[in-house]
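Both counts, for ligands and for their atoms, begin at 1 and track the order of listing. Note that these values count all heavy atoms, side chains included, but never hydrogens, waters or copies made by symmetry.
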Amino acid sequence: MGQTILVTGGAGFIGSNLVRFILENRPDDRVINLDALTYAGNLESLADLMDDPRHEFVHADIADVEKLEGVMPRVDSVLHLAAESHVDRSIHDPSLFLKTNIIGTQVLLDAAKRHGVGRFVYVSTDEVYGELPLDDKSQLFTEETPLKPNSPYAVSKTGGDMLARAYWHTYGMNVSITRCSNNFGAYQFPEKVIPLFVNKLIEGEQVPLYGDGSNVRDWLHVLDHCEAICRVLDDGKPGEAYNIGGNNERSNLELTRMLIDLCGRDESAIKHVEDRLGHDKRYAIDASKIRRELGWEPTRSAWPGALEETVQWYKDNRVWCDHVRSGEYKRFYAQNYSGS
Ligand SMILES: NC(=O)c1ccc[n+]([C@@H]2O[C@H](COP(=O)([O-])OP(=O)(O)OC[C@H]3O[C@@H](n4cnc5c(N)ncnc54)[C@H](O)[C@@H]3O)[C@@H](O)[C@H]2O)c1
């Protein structure tokens, strides 16, 4: 039987891909998409789905109790993605990160609890584990790795992650947690490294590479992440966390060189800039638990093909990039789809 799924942050990068994924792959389900439309939320990413009768947009902050009261009675499950998500911004100003990612999560959990919502998935991140060394590739994050977040962003996500678990432990809520590595794909706000660099390379500018570029990230296609979230929604065990990753470790320098190549530029496009404060050296995920227990496998993440497709998407969607950077369409859609 179909259900009504509340997706928070559904106008963001992963959220908009997830809303699309659910509407395309789960024909019996309906989506209520609740998003505050911060600078990172863009309804233009869902322009073709705004009139879909199975998709309802609600313009609200996750900490707005009144708006949540209007929505929760109709919700069967929550997929909670809304967050401040950019590490660099958290370094400049942590306060909004704590407010949205911790307090906002608590307000949302309380609303779900009050209304007896049957299932709650908190979309966390591998950054809760801290960092791994560069010189020992045998080390991976497992679900048993102690949480040791390093950036204000990672701390705020860890707060939400632990709160979600506490609502299972304390109140018996049916909560599961996902911890995914770095995502790539369409509709990512062009402040994050892949769309930022592609835009700059296309525009003939240099790309700012942190430090010596040796920091390693484990890249997963956003739709593989969406599929994993849905597996956890359906079959994840209450109180459990699931790592999600594709064994696709790349240094930032290697990534940059691939992007340069795909955009027809040369190494003179690299501008080495001072390293990010407290920059985590390496993230790498052991995803054997979700593979073994929930039968999930990444099928869209293999490089270079999947990276090439993503770069092509940004080349083909210059108008989307210009609009989301200017915020123009966000304002338009906020006025026209203010939701219930
Ligand atoms: N991008 C990644 O690689 C990655 C990896 C692992 C986990 N995550 C997690 O996945 C989630 C989504 O990440 P993303 O990259 O799509 O982020 P994003 O910044 O692209 O999108 C965040 C969305 O949340 C909305 N939002 C922010 N504050 C809100 C609030 N107070 N109330 C309601 N909506 C609010 C924004 O408007 C935006 O639409 C986040 O929780 C993030 O921590 C991201």
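Within the structure, the closest approach of Tyr153 to ligand 1 falls below 4.0 Å when heavy atoms are considered. Judged by the shortest distance from any of its heavy atoms, Gly104 lies outside the 4.0 Å radius around the atoms of ligand 1.
Scanning the protein for heavy atoms near atom 35 (C) of ligand 1, the closest one is Ala82 CB, 3.7 Å. The single protein non-hydrogen atom nearest to atom 5 (C) of ligand 1 is Ser181 O, 3.4 Å, given as residue, atom name and distance. Among all protein heavy atoms, the one lying closest to atom 32 (N) of ligand 1 is Ile62 N, 3.0 Å. With respect to atom 20 (O) of ligand 1, the closest heavy atom belonging to the protein is Phe13 N, 3.0 Å. For atom 12 (C) of ligand 1, the closest heavy atom belonging to the protein is Leu81 O, 3.6 Å. Here the heavy atom of the protein found nearest to atom 21 (O) of ligand 1 is Gly12 CA, 3.4 Å. Nearest to atom 33 (C) of ligand 1 among the protein's heavy atoms is Ala36 N, 3.2 Å. Ser85 OG, 3.3 Å is the protein heavy atom nearest to atom 17 (O) of ligand 1.
Taking only nitrogen or oxygen atoms, main chain and side chain alike, Leu34 does not reach within less than 3.5 Å of ligand 1. At under 3.5 Å, not a single nitrogen or oxygen of His225, backbone or side chain, sits near a nitrogen or oxygen of ligand 1. Among the atoms of Asn42, none of the N or O lies under 3.5 angstrom from an N or O of ligand 1. Among the atoms of Cys180, none of the N or O lies under 3.5 angstrom from an N or O of ligand 1.
Val87 and Val128 end up in different hydrophobic clusters when Ile, Leu, Val, Met, Phe, Trp and Tyr side chains are linked at under 4.5 Å. By the criterion of side-chain heavy atoms lying less than 4.5 angstrom apart, applied directly or through intervening Ile, Leu, Val, Met, Phe, Trp or Tyr residues, Phe184 is grouped together with Ile202 in one hydrophobic cluster.
No more than 12 heavy atoms of other residues, nucleotides or ligands shown are found within 6.0 angstrom of NE2 on His169. When the shell of 6.0 Å around CD of Glu203 is examined, it contains more than 12 heavy atoms from other residues, nucleotides or ligands. Atom CG of Leu134 has more than 12 heavy atoms from other residues, nucleotides or ligands within 6.0 Å.
The OG1 atom of Thr145 sits 10.5 Å away from the CG atom of Asp126 when rounded to the nearest 0.5 Å. Distance CZ/Arg291 to CG/Asp286: 9.0 Å, rounded to 0.5 Å.
Here Leu37 has backbone heavy atoms under 4.0 Å from ligand 1, and that is the only part of it that gets that close. Of all the heavy atoms of Lys157, the ones lying under 4.0 Å from any atom of ligand 1 belong exclusively to the side chain.
For ligand 1, the atoms closer than 4.0 angstrom to any heavy atom of Gly41 are 37 (O), 38 (C), 39 (O). Residue-ligand proximity, Val123 to ligand 1, at heavy-atom distances under 4.0 Å covers atoms 10 (O), 41 (O). The contact set between ligand 1 and Asn182, taken as ligand atoms under 4.0 Å from a residue heavy atom, comprises 3 (O).
Between Phe97 and Tyr153, the angle of the ring planes goes over 60°, which puts this pair in the perpendicular group of the 30/60° scheme.
The heavy atom nearest to atom 22 (C) of ligand 1, considering only Ala83, Ala40, Ser16, is found in Ala83. Atom 7 (C) of ligand 1 has its nearest heavy-atom neighbour, among Ala60, Gly9, Ser124, in Ser124. When the options Ile229, Ile14, Asp35 are ranked by their closest heavy atom to atom 8 (N) of ligand 1, first place goes to Ile14.
Under the 4.0 Å criterion applied to side-chain N and carboxylate O atoms, Arg89 and Glu191 are assigned as salt-bridge partners. The existence of a salt bridge linking Arg54 and Asp29 is excluded, since no basic side-chain nitrogen approaches an acidic carboxylate oxygen closer than 4.0 Å. In this structure, Lys271 does not pair ionically with Glu205, as no charged nitrogen and carboxylate oxygen lie closer than 4.0 Å.
Between Ser301 and Trp219, the side chains place no donor N or O within less than 3.5 Å of an acceptor N or O (distance only, hydrogens not considered). For the residue pair Asn199 and Arg318, a side-chain donor N or O sits within less than 3.5 Å of a side-chain acceptor on the partner.
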